[in-house]
Amino acid sequence: MSVVEENQSFDLRLLWLLLIPGILVGGLFLRIFVFHIHDRSSSVSASTSTMTVTVPTQVGRCAVPTAQQLAQEPTAVEATATSVDATTAVLRTTRVLAGGQVGQLQVTLPSTPPPTDAGVPRFTVGDSYLLAISSDGTLAGCGLSGQASGDLEKLYTSAFG
């Protein structure tokens, strides 16, 4: 074997020794960065979805709220009011207790406030609320939705764990 042939053989082995790890590292890089970014972007879009909710203007006679009643609601969240004006309250979801992922709630407020015995909350910026929402997008009244406090928190814990 001549010196030239030995150098060519050595060059090919060196090329393969560098090429194979390079391909493996490149594939690993793609898996970590490209697919991880895709996974993160899909979860961000799910958590930033907005649900429009309406407040009932009339509520019949209210019974004492129970965990069984509350558990029948398809969506339940804990959320903090970020803005409130005469027609809309916007709340950022801090925890989903039942239903799909909702990042934000846009609550359409009635032109005249519901009676206090309707059992629906009056929103204040910065306050935390536990909200149950029916399948038609109406906020559950009769004490099933309201400002997060001891009794309501116990009710939600009983209903959703």
Side-chain angles (χ1 to χ4, degrees), residues 22-161:
I23 291 171
L24 293 174
V25 169
L28 184 62
F29 176 80
L30 280 174
R31 170 66 184 120
I32 290 172
F33 291 103
V34 173
F35 294 116
H36 182 66
I37 289 170
H38 180 277
D39 291 345
R40 233 185 315 150
S41 65
S42 64
S43 66
V44 167
S45 64
S47 68
T48 57
S49 65
T50 300
M51 175 184 272
T52 302
V53 179
T54 57
V55 174
T57 54
Q58 292 182 332
V59 177
R61 292 186 57 151
C62 293
V64 175
T66 66
Q68 291 78 20
Q69 283 177 292
L70 185 57
Q72 292 176 6
E73 298 296 340
T75 303
V77 299
E78 183 174 3
T80 302
T82 57
S83 71
V84 179
D85 61 32
T87 60
T88 307
V90 177
L91 294 95
R92 179 183 43 81
T93 302
T94 54
R95 186 170 50 140
V96 175
L97 302 163
Q101 290 296 318
V102 177
Q104 181 173 297
L105 297 169
Q106 184 170 345
V107 182
T108 304
L109 303 173
S111 55
T112 58
T116 55
D117 63 349
V120 293
R122 295 185 189 228
F123 297 101
T124 304
V125 173
D127 286 352
S128 182
Y129 297 88
L130 291 166
L131 305 173
I133 303 158
S134 66
S135 57
D136 68 354
T138 303
L139 189 65
C142 291
L144 294 175
S145 296
Q147 192 169 5
S149 65
D151 288 340
L152 192 58
E153 287 172 344
K154 289 176 189 172
L155 185 67
Y156 271 71
T157 299
S158 295
F160 303 111

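Index from 1, following the sequence.
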Under 3.5 Å: donor-acceptor pair, side chain of T93, backbone of V102: yes
S49 (side chain) donor-acceptor with Q101 (main chain) under 3.5 angstrom: yes
L130 side chain near E153 side chain, heavy-atom distance below 4.5 Å: yes
Side chain to side chain, L155 and L144, heavy atoms closer than 4.5 Å: yes
Min side-chain heavy-atom separation P65-C142 under 4.5 Å: no
Closest contact, heavy atoms only, T138 versus V53: C-CG1, 4.3 Å
T54 side-chain N/O to T108 backbone N/O, donor-acceptor pair under 3.5 Å: no
Residue pair T80 / G126: nearest heavy atoms and the distance that separates them: CG2-O, 3.7 Å
Shortest non-hydrogen contact between L91 and Y129, atoms and distance: CD2-CD1, 3.7 Å
N/O donor-acceptor pair under 3.5 Å between Y156 side chain and V77 backbone: no
Smallest separation among heavy atoms of G146 and L131, with atom names: N-CD2, 4.4 Å
Pairs satisfying salt bridge (Lys or Arg N to Asp or Glu O under 4.0 Å), at least one member in residues 82-107, at least two apart: E78-R95
Reported OG1-to-CG distance for the pair T50 and L105, which is rounded to 0.5 angstrom: 8.5 Å
